[in-house]
Structure formats: structure tokens, C-alpha cells
S.K.: 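Below are the C-alpha cells for one structure; questions will follow.
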Amino acid sequence: MTIKTLQKRSSELALNMIRDESSAMAPMLPASILEAWTSLAPEVRAALIATEMSSASTLQTNTSVSSFTSSGSSDDSGEKSSSGEPSANDSDGVIVEECPEAGTKTILRPLERAPENVFEITKTSSRETVAVQKTSSSTVITKTTVMTTTKGWRNVFSLPISYDVNMVPNGTLLDPSNLQLLESTGVHEEGYNTRFAVIDAAVDAIYGEKIRGYFAAQSIDLKTVVIQGGEPDKRPAAVDTILDAMCAYKLRRREPFLAIGGGVVLDIAGMAACLYRRGVPFVRVPTTLLSIVDASVGVKNGVDYCCCVTDETYKNRVGSFYAPSSCLLDTSFINTQDMRNVSNGFGEILKLALVRSDDLFELLETHGKALVESRFAPSSSVPDGVAQRIIDLSIQIMLEELGPNLWEQKLERCVDYGHTFSKLLEMVPGVDIMHGEAVNIDGFLCCLLSYLRGFISMDTVNRVFRCMQSLQLPTTSSHLTSQLAWQSCKDAVEHRNGAQRIPLITEIGDSVCVSDVTPEELDRALDLLAKFEHIKSGE
């Protein structure tokens with residue numbers, strides 16, 4: 001299925017005709033050309049023929065070079081930049097892609113055994129060079145066009161991603177009469193009576209007996225590995241601990257396991273799921289407010305990484321995009337969190353309100369303080385349905401933002417609000433600051449940047465500040481220095497592929513991304529930050 005893309009030039013055709021003494025082709029050449037050719041000395045004609053044939057041979061050799069071009073189906077922006085828009089298919093399913101900017105034309109022919117996925121490709125590219133040579137009497141401009149053709153194959157596969165985020169009736173997930181938890185672990189043959197779970201140590205201390213009792217009531221022997229769920233424990237060693245336990249359990253390749261705990265444990269377990277046998281299904285069961293509205297609903301997993309070369313620890317530097325098979329959300333777990341952890345969860349919820357929903361912001365303004373104090377338990381100070389409405393809105397907003405951009409091809413993301421300066425703030429050695437707290441400190445600094453740019457008024461800044469205080473969220477840290485802030489911007493440029501892409505609110509419920517924040521601008525924002533009477537983190 002080789003496609004010939006080089007046409008012989010007229011000079012080569014003339015040489016071949018004369019060399020072959022083909023009288024049938026002679027009428028195609030004007031008499032003046034034949035006369036000029038025959039007037040040349042035989043040795044000159046021989047030299048020209050040799051040179052022309054050598055050039056043609058070089059070009060034909062180039063057509064046999066194979067190149068294997070990988071084009072992931074999820075990165076359509078890269079595809080367009082390299083290949084251009086494809087033209088309509090012909091009757092044989094052949095696709096032609098042309099990119100005038102790059103000077104390329106690619107022809108894809110589907111292979112018989114996999115016509116939707118595998119294509120033989122022939123790519124022709126042209127490159128023109130111009131050389132100018134000046135002498136005392138003249139200027140010679142020479143244009144050279146070099147055409148090359150490469151052959152290879154393209155594999156196209158769209159990864160099917162589908163997972164359900166299920167709201168479980170409050171307080172019923174571990175009730176043996178509710179089979180949702182058991183059914184999430186898959187359908188197995190009769191007599192297969194074991195399951196595997198990764199459990200957060202803090203959750204195991206409170207719910208461990210009830211979790212095991214749930215499976216015992218179904219005649220299932222639950223094998224568990226218990227890991228710590230603090231930020232200092234979010235390291236590759238924790239992934240190894242889970243992998244060791246999976247090997248000992250002999251987890252099957254299509255057997256879903258449970259990950260029960262806060263966001264750190266869900267991230268670690270997701271990383272292990274991605275690695276074990278190159279991917280096994282897992283079920284997320286978040287047990288904190290933060291993980292219910294954040295870590296449980298996306299596809300990102302990862303651990304912090306300590307680099308031996310720089311001797312620095314980088315937050316979430318090693319990870320994967322790997323979707324769970326399902327998520328089970330029971331908000332009754334929040335009732336056993338302390339107030340600081342509940343406030344920590346509101347850090348992520350308030351972030352979503354600021355960039356996407358003034359309705360959600362108004363709910364937090366009105367009822368947030370009472371929900372922190374009640375820890376989402378039923379309370380006379382909070383109308384029925386408000387707590388669930390806040391959680392539902394948060395999850396829906398997060399899914400709406402993540403769903404079309406799961407693999408983050410688009411790097412300007414409003415959900416990155418609060419995630420520019422917070423990453424380095426969380427990584428300060430010995431700092432006592434939780435993720436949602438750091439996000440909120442970052443978010444308030446960004447509010448001040450918005451004010452300094454004229455995006456929002458000081459009345460809006462004060463309104464946001466009062467809401468943050470009512471949720472008992474910190475708004476500053478002694479570690480948030482000018483040096484850390486600017487280093488965070490440089491880290492953002494690296495992480496977001498060459499631009500800061502810092503989300504700033506333009507009003508409550510809307511935002512833009514900017515990439516031109518300067519050290520001087522940060523210093524002005526930090527000076528303004530110092531004028532507020534803050535709640536600080538537990539540092």
C-alpha cells in the first residue's frame with residue numbers, strides 16, 4: 001500500500017527519454033530542446049545524466065525511511081498543529097491531512113484488520129531554502145525546494161472513560177441491608193468470598209470494626225491494608241505498601257478494590273491502582289468533606305516526591321490520570337471530623353463558589369458558619385436540604401469543569417484557583433497547614449491581586465474576607481513571603497507549560513486567567529494583605 005508521491009521532473013523525463021532512445025516519447029519535447037541537447041558534447045551529456053540520476057536516487061531513498069508517529073486521541077490540539085485538518089474520506093476510507101503552515105501532506109490508509117484504529121501513513125513534506133550570493137557585478141538568488149516522504153503507521157484509540165459518582169442515603173453505606181458497597185466490588189463466581197480494601201488509619205480507628213462487620217454479614221472476608229493519611233505520608237513508599245499488600249492478596253486483574261479515607265489516601269490508592277498489573281479497577285469511598293467535593297470526583301492520583309538531586313520535596317510531582325470504577329459518597333462520615341477539618345473542606349467549596357457560582361457563595365455566606373459548628377449533622381440552625389445542596393452544587397461544578405478536560409489539555413482552568421501559591425506553602429518544612437487552608441490563603445491573595453487590577457471592588461474583597469472568616473478559614477501565613485510568592489509563579493510557569501495561567505476573579509462567580517503577574521505586583525498585594533485582621537492557620 002505504498003503511495004508514490006514524487007513525480008519526475010521534466011528534466012529527468014527528458015534525460016530518460018534520450019537515454020532510452022524512445023521515439024514514442026519524443027513528440028512530448030519541443031524540437032528546440034532536442035536540438036540543444038544534441039548540440040552538447042557526449043561527455044557533457046553523460047555528466048548531466050549521471051548528476052540527474054543521482055539526485056533522483058537520493059530522493060527515492062528518502063521515501064523508504066520509516067517514521068513511527070504517535071498521536072494520542074486525547075490531544076487534538078497537538079494533532080491540528082502538526083497535521084492540519086483532515087479532508088473528506090474517499091471510498092476506501094483514505095484520509096488526507098494537509099498542513100500548509102508546516103508544508104506537510106499526510107495520507108492515511110486504514111488496515112483491513114483494524115480499520116478504525118490502525119492506519120498506514122505516508123507523509124510528504126517540503127522545505128524551501130533561499131540562498132543569496134552577491135558578486136561585484138550581480139546578485140544570484142537560488143531557491144531550493146527539498147521534498148521528502150516518510151512512511152509509517154498511526155494507531156488511534158479513544159480511551160473509554162465512564163464512572164459514576166453515587167450519593168448514598170445519609171448514614172446507610174455501612175448498613176448490611178444496603179448492598180451498594182458490596183456490589184461496587186464486582187460480580188464474582190460463587191464461592192469467591194474475599195475482598196480487598198485500603199483504609200485510612202484515622203477512618204479505621206473509628207469505622208474499622210463496622211467496615212469489617214459489613215462484609216462479614218455478607219459472608220465476605222475483607223483483607224485490608226491500613227495506611228496513614230497525612231500529607232507527610234503522601235510518598236512513593238506508601239504506594240509500595242499497598243502494592244505489597246496487593247501481591248500478598250493476589251488481587252485479580254479485573255477485581256475492584258476499595259479505597260476508604262481522606263484525599264491523601266485516595267490519591268495514594270489511585271496511584272497504586274494505576275500501577276498494579278498496569279491498571280486495576282478501584283472504588284473511591286471518601287470520608288472527609290474535602291475529599292467528597294474534590295479528590296473523589298476527578299481522575300488525578302499522585303504522591304509528593306523528594307528529589308535526591310535538588311533535595312526538595314515537590315507536591316503531587318509523581319502521579320497519573322486514572323479514573324475510578326465508581327465513587328460512593330456518604331456525607332455522614334463528615335459528622336466524625338473535627339471542626340478544623342470541616343473548615344478545611346470548605347476551602348475547596350469556597351474556591352468553586354468564587355470562580356463559578358454566586359448562588360453557592362450566598363449559601364456559604366448564610367449557612368457556612370452553622371455548618372462548620374454542626375459538622376454537617378442535622379441542626380435547627382440550618383434549614384433542611386441546605387447542607388446537601390451545598391455538596392451537590394460543589395460536586396456538580398467540579399464535574400462540569402473537569403469532565404470536558406479530564407487530561408488537562410486545556411491548562412487555563414478556573415478550578416486551579418487557589419492552587420498557585422498554596423503548593424509551595426504546603427511544602428514548607430514543618431508547617432502545620434492543611435490543603436484547604438492553604439488553598440484559601442492563596443485564594444484571598446488572588447482576591448487582592450484582582451482588586452489591584454481593578455477587576456473587583458474593595459467591597460467585594462471585604463465580602464469574601466468576611467465569608468472566609470465565618471468559615472474559620474485562615475487568610476494568611478507567616479510563610480507567605482515575597483520570595484515564596486514569586487517562586488510559586490515561576491513554578492506555575494513550569495507546571496502550566498510556559499505561562500503562569502493564574503485564575504483571578506472578575507466578580508463573585510466568574511474568573512479569568514492571567515500570565516503577567518510581576519514581583520512588584522505581588523509585593524503590593526502582600527502589603528495590602530498585612531492590613532487585614534486575619535485568622536491564621538495552625539502554624
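These values consider heavy atoms only, across backbone and side chains, with no hydrogens, waters or symmetry-generated copies.
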S.K.: Any pair with a residue in residues 375-387 that passes salt bridge (charged side-chain N to carboxylate O under 4.0 Å, His left out), sequence neighbours left out, goes on the list, sorted by first then second residue, please.
M.R.: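 Those involving residues 375-387 do not exist here.
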S.K.: In chain order, what residues pass the salt bridge (Lys or Arg N to Asp or Glu O under 4.0 Å) check against Glu533, with sequence neighbours excluded?
M.R.: none
S.K.: Just to verify, what does Asp267 make a side chain to side chain donor-acceptor pair (under 3.5 Å) with, not counting sequence neighbours?
M.R.: Lys234
S.K.: Where do Leu529 and Leu480 land on the side-chain contact (heavy atoms from CB on, under 4.5 Å) test, with the steps shown first?
M.R.: CA-CA 10 Å; Leu529 182 70; Leu480 184 57; 3.9 Å; yes
S.K.: Excluding sequence neighbours, so at least two apart, what forms salt bridge (Lys or Arg N to Asp or Glu O under 4.0 Å) with Glu362?
M.R.: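 Once residues adjacent in sequence are excluded, Glu362 has no partner under the salt bridge (Lys or Arg N to Asp or Glu O under 4.0 Å) criterion.
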S.K.: Do any pairs count as a salt bridge (charged side-chain N to carboxylate O under 4.0 Å, His left out) and have a residue in residues 513-523, sequence neighbours left out, and if so which ones?
M.R.: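 Those involving residues 513-523 are Arg453-Asp516, Arg453-Glu521.
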S.K.: Among pairs that include at least one residue of residues 308-330, which meet salt bridge (charged side-chain N to carboxylate O under 4.0 Å, His left out), considering only residues two or more places apart or in two chains?
M.R.: Glu231-Lys315, Lys315-Glu426, Arg317-Asp491, Arg317-Glu494
S.K.: In terms of ring plane angle, is the pair Phe532 and Phe444 parallel, tilted or perpendicular, where the classes change at 30° and 60°?
M.R.: perpendicular
S.K.: Could you pull out the closest heavy-atom pair between Arg496 and Leu411, with the gap in Å?
M.R.: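 Closest heavy-atom pair between Arg496 and Leu411: O-CD1, 3.5 Å.
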S.K.: In terms of relative ring orientation, are Tyr322 and Phe282 parallel, tilted or perpendicular, with 30° and 60° separating the classes?
M.R.: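 Ring orientation, 0 to 90° scale: parallel.
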S.K.: Carefully, step by step, assess Asn170 and Thr331 under the rule side chain to side chain donor-acceptor pair (under 3.5 Å).
M.R.: CA-CA 6 Å; Asn170 189 274; Thr331 57; 2.8 Å; yes
S.K.: Is Arg466 paired with Glu365 through a side-chain N to carboxylate O contact shorter than 4.0 Å?
M.R.: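 Looking at Glu365 and Arg466, the cut-off is not met.
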S.K.: Report the residues that fulfil side chain to side chain donor-acceptor pair (under 3.5 Å) with Tyr314, sequence neighbours left out, ordered by chain and then residue number.
M.R.: Thr310
S.K.: Excluding sequence neighbours, so at least two apart, what forms side-chain contact (heavy atoms from CB on, under 4.5 Å) with Asp527?
M.R.: none
S.K.: Show the atom names and distances, to 0.1 Å, of all donor-acceptor pairs under 3.5 Å that link a side chain in residues 195-202 to residues at least two apart or in another chain.
M.R.:
from   : atom 1 : to     : atom 2 : distance (Å)
Arg195 : NE     : Thr185 : OG1    : 2.9
Arg195 : NH1    : Tyr192 : O      : 3.3
Asp200 : OD1    : Ala202 : N      : 3.0
Asp200 : OD2    : Gly262 : N      : 3.2

S.K.: Restricting to side-chain contact (heavy atoms from CB on, under 4.5 Å), what partner residues turn up for Ser515, sequence neighbours left out?
M.R.: Ala499, Gln500, Arg501
S.K.: Mind checking what makes side-chain contact (heavy atoms from CB on, under 4.5 Å) contact with Asp392, not counting sequence neighbours?
M.R.: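 Partners of Asp392 by the side-chain contact (heavy atoms from CB on, under 4.5 Å) criterion, ordered by chain and then number, come out as Met167, Gln388.
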S.K.: If a pair satisfies salt bridge (charged side-chain N to carboxylate O under 4.0 Å, His left out) and one of its residues is in residues 284-303, list it, with sequence neighbours excluded.
M.R.: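 Applying salt bridge (charged side-chain N to carboxylate O under 4.0 Å, His left out) to every pair that reaches into residues 284-303, excluding sequence neighbours, yields Lys300-Glu408.
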S.K.: Please answer whether the main-chain N or O of Ser477 pairs with a side-chain N or O of His479 as donor and acceptor at a distance below 3.5 Å.
M.R.: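 No, His479 side chain to Ser477 backbone: no donor-acceptor pair under 3.5 Å.
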